[in-house]
Student: 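Below you will find the structure I want to go over with you.
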Number of protein chains: 2
Amino acid sequence: MSMTNQELRKVGLKVTLPRIKILELLDRCPEQHLSAEDIYKQLLEQGEDVGLATVYRVLTQFEQVGIIERHHFENNYSVFEMRKELHHDHLVCVKCARVVEFTNPRIEQEQHDVAVEHGFTLTGHSLYLYGVCSLPACRAAADIVKTGD
Amino acid sequence: MSMTNQELRKVGLKVTLPRIKILELLDRCPEQHLSAEDIYKQLLEQGEDVGLATVYRVLTQFEQVGIIERHHFENNYSVFEMRKELHHDHLVCVKCARVVEFTNPRIEQEQHDVAVEHGFTLTGHSLYLYGVCSLPACRAAADIVKTGD
DNA sequence: CTAGTTGCAAATCATTTGCACTTGC
DNA sequence: GCAAGTGCAAATGATTTGCAACTAG
């Protein structure tokens with residue numbers, strides 16, 4: 001809990017109940033990608049008295065100071081996760097919504113080269129691969145699906 | 001105009017005024033990435049009597065039959081473009097919103113490899129690079145921006 | 001003729017904002 | 001004490017949907 005306090009103070013945010021709880025929640029499920037709603041519901045379930053608006057505000061602040069990352073998948077809402085030390089991209093199962101993280105330095109390098117080639121200074125990027133994963137249930141659907149280019 | 005008719009019939013859609021006009025509009029600006037609003041406004045300007053809802057419905061249908069592609073950039077709305085023969089990704093200027101298309105076979109290959117590695121059958125992917133382009137106006141801002149990982 | 005389409009208005013849904021009320025420091 | 005933070009309700013803005021009128025085949 002004091003580690004959490006440290007982190008918040010370090011980025012100039014007051015240490016408040018909602019912020020502590022949200023940070024703990026994200027910390028506890030490092031492999032999950034939670035939406036604002038998800039976080040809101042879980043907090044309610046564990047008896048906290050927070051508003052959805054606060055969850056959004058806190059998540060936005062956390063993102064701005066770099067504590068967490070926001071991802072826009074192909075749906076229409078965002079998911080959040082603690083910022084990891086090393087950058088990674090996502091492989092998302094379109095059947096079961098499972099998310100696998102991966103790192104590929106060659107892709108990173110190519111991205112950089114492409115940007116330079118076109119006179120851009122990269123500020124960020126997003127790479128999401130969508131597919132059908134190897135779970136039996138999902139597998140069944142994979143056959144009628146053509147491999148993307 | 002008859003080519004347009006052909007294309008529509010081929011995918012089993014009735015040849016209606018709104019569909020023809022929207023298709024023509026997208027065809028005429030192959031390099032642009034238009035939002036539903038953009039298309040709606042342009043149609044109104046050129047005197048057509050269409051509803052925004054129809055624009056959305058038609059675009060969704062076109063996407064489903066593969067005539068056009070939908071992109072979700074980091075904003076909260078989508079842009080559409082005619083489906084090109086060869087696949088390409090996007091480089092988006094965060095200052096002026098200019099969009100540059102590019103193709104990189106090595107990235108494509110790596111993506112495929114990553115999917116296989118994790119037991120996924122790829123169905124699609126989205127890669128967007130965000131940065132500051134080389135226009136003088138945008139350039140000014142590039143200096144205070146750090147290069148992504 | 002009649003199933004597919006359309007325009008309009010009302011409905012959704014994720015996210016944001018105004019505001020009066022707390023709380024951290 | 002006071003600025004920063006919060007909850008709630010109302011506002012947004014993109015996209016969707018219900019429905020009665022309309023049109024392509």
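Reckoned from all heavy atoms, side chains included, excluding hydrogens, waters and symmetry mates. We name chains A, B, ... by the order of the sequence lines, and we start the count at 1 in each one.
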Student: State which of C/dT15, C/dC25, D/dA14 makes the closest approach to the side chain of B/Y77.
Tutor: D/dA14

Student: What do the steps show when you test A/D113 against A/Q109 for side-chain hydrogen bond (donor to acceptor under 3.5 Å, both in side chains), and what is the final call?
Tutor: CA-CA 6 Å; A/D113 293 350; A/Q109 183 60 50; 3.0 Å; yes

Student: Rounded to the Å, how far apart are A/N5 CG and C/dT23 P?
Tutor: 17 Å

Student: Which is more 5' along DNA chain D, the nucleotide nearest B/V79 or the one nearest B/V15? Just name the residue.
Tutor: B/V79

Student: D/dT6 phosphate, OP1 or OP2: any side-chain N/O from A/R19 under 4.0 angstrom?
Tutor: yes

Student: Could you check if a side-chain atom of A/L127 sits within less than 4.5 angstrom of a side-chain atom of B/Q111, using non-hydrogen atoms only?
Tutor: yes

Student: Within the structure, does a side-chain N or O atom of B/T16 lie under 4.0 Å from either OP1 or OP2 of C/dG4?
Tutor: no

Student: Expressed in angstrom and rounded to an integer, what is the separation of A/I39 atom CD1 from C/dT15 atom C1'?
Tutor: 14 Å

Student: By the 4.0 Å heavy-atom rule, please label A/S35 as base, sugar-phosphate, or nothing.
Tutor: nothing

Student: Examine distances only and state if a side-chain atom of A/T60 and a backbone atom of A/Y56 form a donor-acceptor pair shorter than 3.5 Å.
Tutor: yes

Student: Rounded to whole Å, how long is the line connecting atom CZ of B/R9 with atom C1' of D/dA24?
Tutor: 9 Å

Student: Determine the interplanar angle of the B/H33 and B/H90 rings, folded into 0 to 90°, and report it as parallel if under 30°, tilted if 30 to 60°, perpendicular if over 60°.
Tutor: perpendicular

Student: Is there side-chain contact between A/L122 and A/V116, with at least one heavy-atom pair below 4.5 Å?
Tutor: no

Student: Would you say A/K21 and A/L23 make side-chain contact, with heavy atoms under 4.5 Å?
Tutor: no

Student: Taking NZ from B/K10 and P from D/dG25, how many angstroms apart are they, rounded to a whole number?
Tutor: 16 Å

Student: Checking side-chain contact (heavy atoms from CB on, under 4.5 Å) against B/D89, which of B/E108, B/H71, B/E101 comes through?
Tutor: B/E108

Student: Would you please indicate yes or no on a ring centroid separation below 6.0 angstrom for A/H125 and A/H87?
Tutor: yes

Student: Under the side-chain hydrogen bond (donor to acceptor under 3.5 Å, both in side chains) criterion, do B/E69 and B/H88 qualify, and how do the steps go?
Tutor: CA-CA 11 Å; B/E69 265 179 57; B/H88 62 266; 5.5 Å; no

Student: Just how far, in rounded Å, is P of C/dG24 from NZ of A/K21?
Tutor: 13 Å

Student: So if I take residues 53-67 of chain B and measure heavy-atom distances to DNA chain D, which residues fall below 4.0 Å?
Tutor: B/A53, B/Y56, B/R57

Student: Using a heavy-atom cut-off of 4.0 Å across all strands, would you classify A/L17 as base, sugar-phosphate, or nothing?
Tutor: nothing

Student: What is the distance, rounded to the nearest whole Å, between atom CG of A/L52 and atom P of C/dA14?
Tutor: 10 Å

Student: Rounded to whole angstrom units, what separation is found between the OH atom of B/Y40 and the P atom of D/dG13?
Tutor: 16 Å

Student: Check whether any side-chain heavy atom of B/L25 lies under 4.5 Å from a side-chain heavy atom of B/Q42, and answer yes or no.
Tutor: yes

Student: What is the separation between atom CG on A/L8 and atom C1' on C/dT23, rounded to the nearest whole Å?
Tutor: 15 Å

Student: Using five pairs at either end of the helix from C/dC1-D/dG25 to C/dC25-D/dG1, determine the angle between the two local helix axes and round it to 10 degrees.
Tutor: 30°

Student: Among D/dG25, D/dG5, C/dG7, find the nucleotide with the atom closest to the side chain of A/K14.
Tutor: D/dG5

Student: Considering heavy-atom distances to DNA chain D, does B/E37 or A/L13 have its closest nucleotide positioned more toward the 5' end?
Tutor: A/L13

